[in-house]
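Below is one structure, written out as C-alpha cells; comments come after it.
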Amino acid sequence: MRACGRLASPGLAPLRQHALTAGHGSGASPASGSFARARRHRLRRAVPVVAATTSDFADLRAAATEAVSSAQAKLPALEQAKQAAEQHREPAAEAERQWQELHGRLTALQAEAGSALKDLRSGVVATAGTEPVATMAVLRRHVAERLEHFRDSHGLASAREWRTFRPVDLPLHSIPGGRMAYQLAAVDDDDQRYAVVAVAISNPFLFENLRSLIMHWGVAEGPGSGWTQPPKGWHSSPGVSTPAGDRAWETVFGAFAPVLQGEPLEDAALHSVVLQIPLEGMLELRGGVKCVLRRTDHGQPEWIKAGPHNNGDFFLDFTPAIQMFERRRRAVQAAAIAQAREAARLAALEKAAAAAKAKGDRAATKELAAAVKEWANLLESDEWDDSEAEESPEEEPLPPLVSSIDDEEPELPEPPRWIQQIEEFVQLSDLPAERTTSDHVRTLHRLATAVAEARHDGSIEARDLLSRCLEVERLLQQVDLLELNTRAAQQEKEQLQASRLSMYKSAMDESAHLMNELTHAAEAARRTAVKLRGRETEVTQRDLEAVAQQAAEELLKKSSSGGFWPFKEEERQLVFVQQKVMEVAGMDATVVVQVFVEGTKAAVEAATSPQTKKADSEDEEVEEAEEEPLADSKPAAAGKKKGKDKEAAAKPKKRKEKKAPGFEHVVLGVAVGEAFPDDILKTPIIMHMGCVAHQYAKWRPPPLKWSCTPAALSEEGASASQVPFQRYRIAAEGGASVFVDPTLFALALRMPLKDCLAESVRGVEFVLKTGDDQWLSWQHGHSQVSNFYAELPVPLR
C-alpha cells in the first residue's frame, strides 16, 4: 500500500471542477511528496507517454493543419446545399396555399348546393302529393303492372279466366315511412286454378333504396297456422329461389324503377316478387302465403317482419281467389241440377204421350194423366237438393266474396295525376350503382316536370319548383367546375411537392454527405491534436485515475471536522489499496474505481514503512509456529512438556509486538468519461448503487454512518442509493481548457470499516443513469453485461 496525495498530470494543472460547481484548493497534504512519487511511478507503468520526435511532430502538425483546412473548405458548400434545399420549399408552399383556398371555396359551395338540394326535394315531394301518398301510389301502380307483366310473360294471357283484386296494404313498422303492399289475381287455365300474388316494398319516396332483399316464405291455412311447403307446380318472378329447410323457400326480390320521360327514376326504385301457386290441397278451401323479408346488404334491421315490435309474419290472404272459384263451382252445379230437372220433365211427357197413343182408350188416358202428374210433382219437390245435401253434410256456408268490384268495399283514394305519366317499370341491376348528386337533381327535375304537366294549370308553385331545379343544377355545375380546378391545383401541388422532395432530398443528401466529410475532417483534426500532446485519446485512463483520486481527497477533506487546540483531531490520510477499470457497454467510455483506506498519519506511516512490513512477516511466522502444535496432537505427557517449552519461547516474542494504528474507513473514488467526449453521456449522471455481500448478491442500504460527495439524492432506509456525479474538465496550468471540451465525471464514497464488517458488506454494485434515461452497465468479455462492481478491503471473519 502507498500513501496518497494530490496529483497533477505533467504539464497540466489538477483536474478542475466545472464552472457550475464550487472548486477546491490546490494545496497538498503533508504526505503528498512520497505519494506523488509512488503514484506517478504507477501511472507511468499503466499508461506510458512516448515523446514524439521532431519529424513526427512536424508530420502531425501538417496533418492537423490539412484536416482543419479541409473542414473549413467544406463549410461554404454545406451552407449552399442547405440554401438550395430551402429554396425548393417556396413553389410547393404557394401551390399548397392555392389548393387550400380552392378547397375551402369548394367546401362552402358544396354545403350551399346540399342545402338547396334538400329544400328542392322537400318541395318536389310536397307537390307530388306528400310522402306517404306518393309512396303508396307508386307502390300500387307497380304491383298492378307486375301482375300484367307476369300474365303476358308466363302464357296466362290466353287463360280461360284472369281476375285481379284490390291491392292490400301490409303493416310495416320496422322501416319508418316505408310501405309494403300486395295484389292478388285468380287464374283458371285449362281447368287448373292458380293464385298469382305480387308483393312489393319501398322506402319513403325519393329516399335511399333498399338493396339485396330476400323473401323467406311458405304457405299456411291462416295467419296463426304453421308453415308448410307450397303445392308442386309453383313459379316465381324473379326466378331465383332456393329451399330454406323442409317447410319454406327463399326468393330474391327484383329492383324496379318507374320510367318518366323515357328515363328511369332510380331514386324512386321499388322491390317486388310475383308468385304463382296452384290452389290445391288445403288451398282449395282456405289459406295463403306467410313470409318475412331478410336484408343481405348489412342494413338494419336484418329481418323485416310484421307487427309494431317487428316479430310477426306477413300473411298474403288467398281467400278472395278461393271464394271466387268456390262460388263458380256452386253456380255450375246449380245449372247442372236445373238442366237435369228439365230433361226429366221432358222425358216423362214423352213417355206419357207414347203410352196414350198406344192404348187409345180412356183408361189409358187417365193413367197417362196420373203419370204425368206424378213426374210433375217429383220434379217440383226438393228431393234433388236433399240428396245433394246428404252427400256433403259438412259443407259450411261461404263468407261473402271480396273482390275489386264488390260494392261493399270502400273505393281506393285517387292517386296523384302525375302517376298516370309513368310509362313503365324497368328492372335494375342487382349490383349497387354509384348515384351522383347530379343524377339525383335530374331525377327531381323530371319528377317536377311531370307534376307540372299533370296539373295543366300553370300554377306559380309548379313554375317556382322548376326554377329551383334550374338553380340547383347551376350550383352543381359550379361545384363540378370548382372540383376540376381544385383537382388541377392538387395535382400541381403534388407534382411540385414531388419535385421539391426530390430536389430537397438531393440537397439534403449532399448536405449530409458534406456534413459527414466535415465530421470526419474535424475528427481527424481532433485526433491529430491529441497525438500532438502525446496521447491516444483526449481522456485517458491516467486522467480518470487522477480525478478519482482528487474526488477521494475532497471527500477526506470534507469529512475531517478539524476542531481547535487542544482538541484538534490528528490529521488523516488515504492509503491506496486497489484499482478496477471497467468498460461501459455500448459506448467508448471507461469507469475507474480506486479503493483507499483512511487512517491517521501514524497509521499511514506504519503501513508504508519497511519496518512494518518486516514485523508483519515475522508475525506471520510466529502465527504459523503457534498453529503447528495445535494441528499435530501427541500423547498427553509429551504434549504438555512440549507445550510448556513453546509457550516459554513464545512469550519473549509477544512482548516485542506493538499494536499498530488501525484504519477506520474505506474510501472509493469513482470516475467515468468518454475517450473523445461527444456529449453522449447526458448530464446529470447518477450512480444507482447498493452494498452487497458479494457480486450478484441482493442489494442492501449502505452503513448508517456512510458519506459521499456530492450529497446523495435518495432517502434514508432505501435499499439503493443515488449519488450524482461531479463534473470536471482538463485544464492547463493557466486555467485554459486543453481540448475542446474533455469532460470527466467523478464522485467519492466513504464507509466505516467496522460497520461494513458487522453487516457483512464486502463490495459495492452500481449502474449509471444518464440525463436521457439511459442505464449504463459494465461490459466484460465479448458480450457479457452486468452491474459495475468494486470490492472493499474488508477482512473475512
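- Counting heavy atoms from C-beta on, the side chains of Ile685 and Lys769 never come closer than 4.5 Å.
- The side-chain heavy atoms of Glu583 and Thr590, taken from C-beta on, include a pair separated by under 4.5 Å.
- For the pair His780 and Ser786, the tightest heavy-atom approach, listed with the atom from each and the gap, is NE2-OG, 2.8 Å.
- Looking only at side-chain heavy atoms (C-beta outward), Pro710 and Leu747 come within less than 4.5 Å of each other.
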- [ ] Test side chain to side chain contact (heavy atoms under 4.5 Å, CB included) on Val761 and Leu792 and set out the steps.
- [x] CA-CA 8 Å; Val761 174; Leu792 301 182; 4.0 Å; yes
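- Between the CZ atom of Phe663 and the CD atom of Gln573 there is a distance of 9.5 Å, given to the nearest 0.5 Å.
- In this structure, the separation between NE2 on His665 and CG on Leu556 is 10.5 Å, given to the nearest 0.5 Å.
- The distance from atom CH2 of Trp775 to atom CG of Leu768, rounded to the nearest 0.5 Å, is 9.5 Å.
- Taking all atoms of both residues into account, the shortest heavy-atom contact from Ser707 to Ser559 is OG-OG, 4.1 Å.
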Task: Derivation and outcome, side chain to side chain contact (heavy atoms under 4.5 Å, CB included), residues Val595 and Val666 - done: CA-CA 7 Å; Val595 182; Val666 58; 3.8 Å; yes
Open item on the list: side chain to side chain contact (heavy atoms under 4.5 Å, CB included), that's the test. Do Thr770 and Thr683 meet it? Break it down for me.
Closed with: CA-CA 6 Å; Thr770 61; Thr683 55; over 6 Å; no
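- A donor atom on one side chain and an acceptor atom on the other are found under 3.5 Å apart for Glu765 and Trp699.
- Atom CD of Glu536 has 12 or fewer neighbouring heavy atoms from other residues, nucleotides or ligands inside a 6.0 Å radius.
- Residues Pro702 and Cys708 are not in side-chain contact: their nearest non-hydrogen atoms beyond the backbone lie 4.5 Å or more apart.
- Looking at heavy atoms from C-beta onward, Glu598 lies out of side-chain contact with Phe596 at the 4.5 angstrom threshold.
- Counting heavy atoms of neighbouring residues, nucleotides and ligands inside a 6.0 Å radius, atom NE2 of His688 exceeds 12 of them.
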TODO: Decide side chain to side chain contact (heavy atoms under 4.5 Å, CB included) for Thr600 and Arg572; before the verdict, give the C-alpha distance in whole Å, the side-chain angles of both, and the deciding distance to 0.1 Å.
DONE: CA-CA 4 Å; Thr600 61; Arg572 310 182 68 82; 3.9 Å; yes
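- Checking side-chain atoms of Arg700 against main-chain N and O of Glu759 turns up a donor-acceptor pair under 3.5 Å.
- The line from CD1 of Ile680 to CG of Leu776 is 10.5 Å long, rounded to the nearest 0.5 Å.
- Taking the six-membered ring where the residue is Trp, His103 and Trp99 present parallel rings, their angle staying beneath 30° rather than reaching 60°.
- Contact of the Phe766 side chain with the Val670 side chain is registered, since non-hydrogen atoms from C-beta on lie closer than 4.5 Å.
- Of all the heavy atoms in Ser721 and Trp706, the pair that sits closest is OG-CZ2, 4.0 Å.
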- [ ] Please report the C-alpha distance between Glu664 and Lys754 in whole Å, then the side-chain angles of each, then the deciding distance to 0.1 Å, and finally whether the salt bridge (charged side-chain N to carboxylate O under 4.0 Å, His left out) criterion is met.
- [x] CA-CA 7 Å; Glu664 299 176 357; Lys754 184 178 180 181; over 6 Å; no
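- When all heavy atoms of Val794 and Cys756 are compared, the closest pair comes out as CG2-CB, 4.0 Å.
- Counting only distance, with no hydrogens or angles, the side chain of Asp543 and the backbone of Thr540 share a donor-acceptor pair below 3.5 Å.
- Checking Gln594 against Gln579 by side-chain atom types alone, a donor-acceptor pair falls below 3.5 Å.
- For the pair Lys705 and Asp755, the minimum side-chain heavy-atom distance is below 4.5 Å.
- A donor-acceptor pair is defined here as one N or O able to donate and one able to accept, closer than 3.5 Å; such a pair exists between the side chain of Gln578 and the backbone of Glu791.
- Closest heavy-atom contact between Gln695 and Trp778: NE2-CZ3, 3.7 Å.
- The two atoms that bring Val539 and Pro677 nearest to each other are CG2-CG, 3.9 Å, heavy atoms only.
- Looking at Ile686 and Val723, their side chains never come closer than 4.5 Å, going by heavy atoms from C-beta outward.
- Here the OH-NZ distance, from Tyr789 to Lys580, works out to 7.0 Å after rounding to the nearest 0.5 Å.
- In this structure, CE on Met687 lies 9.0 Å from CZ on Phe788, to the nearest 0.5 angstrom.
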